Protein chains: 2
Amino acid sequence: MLAPMNASNDNIVALATAPGIGAIGVIRISGPDAFEIVNRLFKGKDLLTQKSHTLHYGTIVKEKKIIDEVVLSLFKGPHSYTKEDVIEISCHGSHYILQRVMRLLIDEGARLARPGEFTQRAFLNGRFDLAQAEAVADLIASENETAHQAAINQMRGGFSLVIKNLRAELIHFAAMIELELDFSEEDVEFVSRAALTQLITDLQTAIEGLIESFSLGNVIKNGVPTVIAGKPNAGKSTLLNALLNEEKAIVSDIPGTTRDFIEDEMVIDGVPFRFIDTAGLRTATDQIEAMGIERTHSKMKEASLVLYLIDLASDTIKAYHKQIQDLEKTGVPFLIVGNKTDQAQETLKNIVASDIRSVLITASTKDNLVGLKTKLLEAINLDRFKSSNTIVTNARHYESLVNTKMALGQVIAGIDGQVTSDFLAMDIREALYALGEITGEITSEDLLDHIFSKFCIGK
Amino acid sequence: MLAPMNASNDNIVALATAPGIGAIGVIRISGPDAFEIVNRLFKGKDLLTQKSHTLHYGTIVKEKKIIDEVVLSLFKGPHSYTKEDVIEISCHGSHYILQRVMRLLIDEGARLARPGEFTQRAFLNGRFDLAQAEAVADLIASENETAHQAAINQMRGGFSLVIKNLRAELIHFAAMIELELDFSEEDVEFVSRAALTQLITDLQTAIEGLIESFSLGNVIKNGVPTVIAGKPNAGKSTLLNALLNEEKAIVSDIPGTTRDFIEDEMVIDGVPFRFIDTAGLRTATDQIEAMGIERTHSKMKEASLVLYLIDLASDTIKAYHKQIQDLEKTGVPFLIVGNKTDQAQETLKNIVASDIRSVLITASTKDNLVGLKTKLLEAINLDRFKSSNTIVTNARHYESLVNTKMALGQVIAGIDGQVTSDFLAMDIREALYALGEITGEITSEDLLDHIFSKFCIGK
C-alpha cells in the first residue's frame, strides 16, 4: 500500500522544547486552522493577514487576563515542517504558563499531538521519506559525533539515495522480466540470465555491505562494548576512573547543555565506548571484584574489545605469557595495557612493550592516557567509522535488508534452477517490497504508527 | 548611582530552552555582531540583508560538515528582548547538537552569557525597570495561578507604577523643602508642616499596606504552610493522600509539560498549600508518627493554618473539647475536620458540626473533600489573594519598603520635633533613595549582579 497523501483535517499541538524550567518554552501547533485558533487567543497583529516566515510579538489573553507575553513564528503551508500551517509560540518557560497555553489551544479546538505526529505528517505530506523521518528521532537522540553524522546523513537523504538506486536497478530488471511474461508463449528472454545473475550478485554484495554496517551502526548508537580486565590489583578501577573523570570534565563544559553523565560511557574522538559491568569496578576494590575467571570470561564475550591490564610492577614473566595465551583463546580483540610504568620491572616492561598490541601507561598519574586512547581507536578499526560508506543504524532497516537479501538469494536459486519468468518476477517483487519498506514507498498504517510512537512528543 | 545606558560591545550566547532532550532546542545570541557571527556559520540566505522579525531555514555548517538543519529568528535592535541585535537558533533538541552549535558560536567570537544576562541587558538598555526585570524570573518560576498573576502584573509594570506614584509625590514635596533651604535665611515655609505630615502619613499607610502584602506574596511563592494534626488514627495520612492524589491527576494531564510532582504541595483554586513535615505522615502509620505533643505543637507554630482531625467514630466529647481548647492556645488559625462521618457517633458529630470552624468529611472514601477545600480557602481569607491590590513578592522590595517606612518615620519625628528644613530634606531623600532602589532608578553594579545571578541561564 502506498502512503496516502492525506491532508489532515485536524489541528495538533504539543510542547516542542524539553520539559522543565527554561528561559523560554516553545509550543507548536499544526493544521488547517492553526492560524485561526491562535488568532483567537493572541492580542497583537491580526495573524490572518500576516506573511509566512514572520515573527510577531504580543500577548496570549483569556478573559481579559494576560497569560503571557509571547513571540509567534508563523509558517504557512507548504513552507513548514509538516507542510501544513504551523505556528510556534515562544512563551516564558514556566510549567504553569506552558500548560495553561496548551490548554487554551485545546479549548479552541486543537488536540494534543501523539508522539512523532508532526514528523509523521511531514512524511505523509511528502516532505521526506520514511528513512529520513526516522533519522529525525536518531538525530535528537544522538549523543556523539559519529552517531550525529550518521543521523544527519540519513536525515538529509544519503541512505535513502543508496536504497533508491538499488531499487531502481531492480525495478528495471523486474520490468524486463515482467515483459517476458507478456511474451511467455514465445519463450523469449529479454534479460540475459547471465546478466541478471551478475546484477543480483552485485546487489547482494551491496546489501550485505549494508547489513554488515549495522553492527557498526549499533556500536555508534550504543557504544563499543568494552571490558577492562586483569588480575586483582592491576589497576582496573584506577584506569576507569582516570578515563571517565577526564570525559566528565569535557562533557560539562558548556552550562545549560549539561546532562546526566552516563557513568560508564566515554567518547574518544567522536566514537563512544561503553564499559560493561563496570559499576562494581569503580566502587569495589580490585580484590573484591576478582569475581572469578569464568565470570570475567563470560563478560569478555559480550565485549567488542578487552583492555587487559598487566601489573608491570609485580607480575611475573611466566604469568604474563599465560594471561596473553588465555586472552587469545577467547577470540575477542584485546589491547594489552602495561600499567604502573613508574614502578615497572625492566625485563617485563620490555617484553610487554615489544608486543604490537600493547601500550604502556601509569593509571594512577594518568601518564600516557593519550597513547592508550590512540591505541583504543586503532584497535576498533576507526576507518570503518570514518568511511563515507552508508551505515545502517536502524533495526527496522536491518530487518528489511535481511529480507531483501533472502529474496535475492531465491532469485539466484531460481535462475540456477531455470524456473520460469513468473517465479523470478515474484521473487524480484519480494525483494523490491522489502527495500521499499525502508524508505516508505511500501508501507502500512500499523508500521507508521509503530515507528512514530517511538518519537518524543512535540516532534 | 543611576543605571548606565551602556551599549554592550560583546556578544552573549546561551541555551534559552530547558536542558534535556526535546523536539527542538533554542540557542539565543545577543550583541552588536550577532548577525555577523551567525552568518559565518549559516548556509542559506545572507542574514545581513534580511529584515527584522523574519524566519529563515537553512543549515549550520562547519568545515563543510552539516551540524544541523535550523530555523533562525532574526530580531534587529532595538526591536528585540535585549534591544540589541538578537538571533534565536532553533535546532533539533539533542544535547550533542546544542553543545556543538554553542561551541561554534563561541569559536566565532561570542561568549557564554551569565545567568540573567539577557534580562540584565534589557534592563540596562531601558526595556523595563528593575522590578519588572525581576518579575521575569518570578514568572518563569511561577507554579500556580496566583503566583503567575502576581508576576505578570509586576512584569507589565503594575507594581512599578504604584512605587513611581508614591515616589513622585515625595519628590514634589522634597523639591519644596529643598526650595526652603535656598531661602533658609528668611525662615519661610513653602510647605505647610500640617500638609507634609498628612502626606507622609498617607505614604506610610500605603507603604505599610505593601509591606503587609509581603506575607501574602511569600505565601503565593512558597505555599500556605499547613499542618495536618490530630490524634493517632484520626486519619491524617489518609486525608493527605486523598488530597495529593487528586492534585497529582490534575497536574499531569498534559503530557510534555509534566514536571516532578511536588510531593507536599497542593494547589486549590490557584492558591498553593504546602504541608509541613508530611513526608513521615505518608509513609508512617498514624501510630508511629504520634511524635509527641510538644513536637506537633512546635510544627504548628510554623504553620499559617492547622487542619485538625477529629475521629468522629471513637473520640469522646470530653476529649474533643480538650483538644479544641489546646488548639486555641496555640494562636494559630485552625480548621476542625471531623473525619469518619460514615461511622460517626451522632452526638459528637452534631457538636463538631455546630462549630463554625468545622467541616465534616470521610477521608477514606474522599467524601466531601470539596467542602474541605472550600473551607480551606475561606480559612486563609481568599479575598486577600483575589484583590487587585499590588502584592509584594520579592524580599528585596520588602527590605526597601521597610527602609522607606523608617525614613518616613524619621521625617514625621522631625516635623514633630520642629527640626530645620535641611534635616527634613535629608530624611526625605533617604526615603526617595529606598523607593528608587525598587525600580532601579537608584542602583549599583553589585546590586544588579546580585539580582541577575539568581536568574536561570539563557534568560
Side-chain angles (χ1 to χ4, degrees), chain A residues 14-26 28 52-57 65-69 71 73-75 79 88 90 92-100 102-103 106 112 118 136 139-145 147-149 152 155-156 254-259 456-459, chain B residues 14-26 28 52-57 65-69 71 73-75 79 88 90 92-100 102-103 106 112 118 136 139-145 147-149 152 155-156 254-259 456-459:
Chain A
L15 182 67
T17 48
I21 289 182
I24 62 170
V26 178
R28 184 185 265 172
S52 184
H53 286 65
T54 54
L55 292 157
H56 301 277
Y57 171 84
K65 270 193 185 170
I66 292 174
I67 307 302
D68 200 11
E69 297 183 354
V71 173
S73 302
L74 309 185
F75 301 89
H79 305 292
E88 290 180 356
S90 184
H92 285 92
S94 111
H95 164 76
Y96 175 82
I97 289 175
L98 294 171
Q99 195 177 43
R100 191 90 170 78
M102 295 230 292
R103 217 182 278 248
I106 291 166
L112 277 177
F118 291 93
V136 174
L139 188 64
I140 290 172
S142 66
E143 287 282 348
N144 61 69
E145 190 189 338
H148 169 256
Q149 279 300 324
I152 212 155
M155 187 178 78
R156 293 182 65 80
I254 296 191
T257 67
T258 48
R259 56 181 172 126
C456 64
I457 284 190
K459 192 69 222 182
Chain B
L15 182 67
T17 48
I21 288 183
I24 62 170
V26 178
R28 183 185 268 172
S52 184
H53 286 64
T54 55
L55 291 156
H56 301 277
Y57 171 84
K65 271 192 183 169
I66 291 173
I67 307 302
D68 200 12
E69 297 182 354
V71 173
S73 301
L74 308 186
F75 301 89
H79 306 292
E88 290 180 357
S90 184
H92 286 93
S94 111
H95 165 75
Y96 175 82
I97 288 174
L98 294 171
Q99 195 177 43
R100 190 91 168 79
M102 293 231 290
R103 219 182 275 249
I106 291 166
L112 278 177
F118 291 93
V136 173
L139 187 64
I140 291 171
S142 66
E143 287 282 348
N144 61 69
E145 189 188 338
H148 169 256
Q149 279 300 325
I152 212 153
M155 188 178 77
R156 293 182 66 80
I254 297 191
T257 68
T258 48
R259 57 180 169 125
C456 64
I457 283 189
K459 192 68 222 179

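Values below: every heavy atom of this structure, side chains too, minus hydrogens, waters and symmetry copies. Predicted, not measured: the structure shown is a model, and the values here were computed from it. To find a chain, count down the sequence lines: A is the first, B the second, and so on, and within it residues start at 1.
Both the backbone and the side chain of B:I67 come within contact range of chain A, judged by heavy atoms closer than 4.5 Å. The parts of A:D68 that come within reach of chain B are both its backbone and its side chain, each placing non-hydrogen atoms under 4.5 angstrom from that chain. Contacts of B:I152 with chain A are made by side-chain atoms alone, with heavy-atom separations under 4.5 Å and no backbone atom involved. Residue B:F118: no heavy atom, backbone or side chain, is found under 4.5 Å from chain A. In this structure, chain A has a heavy atom under 4.5 Å from the side chain of B:I97, while its backbone stays farther away. When heavy atoms are compared at a cutoff of 4.5 Å, B:A16 approaches chain A by way of both its backbone and its side chain.
Under the 3.5 Å distance criterion, the side-chain polar atoms of A:S142 are left unmatched by any main-chain donor or acceptor of A:A147.
When side chains are defined from C-beta on, B:S52 does not count as touching B:L74, because their heavy atoms never get closer than 4.5 Å.
Interface summary for chain A: among B:R156, B:Q149, B:H56, the most heavy-atom pairs under 4.5 angstrom belong to B:R156. Chain B forms the most heavy-atom pairs under 4.5 Å with one residue out of A:A141, A:S73, A:G25, and that residue is A:S73. Top candidate by heavy-atom pairs under 4.5 Å with chain B, chosen from A:A14, A:A23, A:G22, is A:A23. Heavy-atom pairs under 4.5 Å with chain B peak, among A:V26, A:N144, A:I140, at A:I140.
Using a 4.0 Å cut-off between a side-chain N of Lys or Arg and a carboxylate O of Asp or Glu, B:E145 and A:R100 do not qualify as a salt bridge.
The aromatic rings of B:H53 and B:H79 lie perpendicular to each other, with more than 60° between the two planes, well past the 30° mark.
Between B:V136 and B:K459, the shortest heavy-atom contact is CG1-CE, 3.5 Å.
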Take B:I24 and A:R28, measure what side chain to side chain contact (heavy atoms under 4.5 Å, CB included) needs, and give me the verdict at the end. CA-CA 10 Å; B:I24 62 170; A:R28 184 185 265 172; 3.5 Å; yes
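Among residues two or more places apart in sequence or in another chain, the ring pair (Phe, Tyr, Trp, His ring centres under 6.0 Å) test is passed with A:H92 by none.
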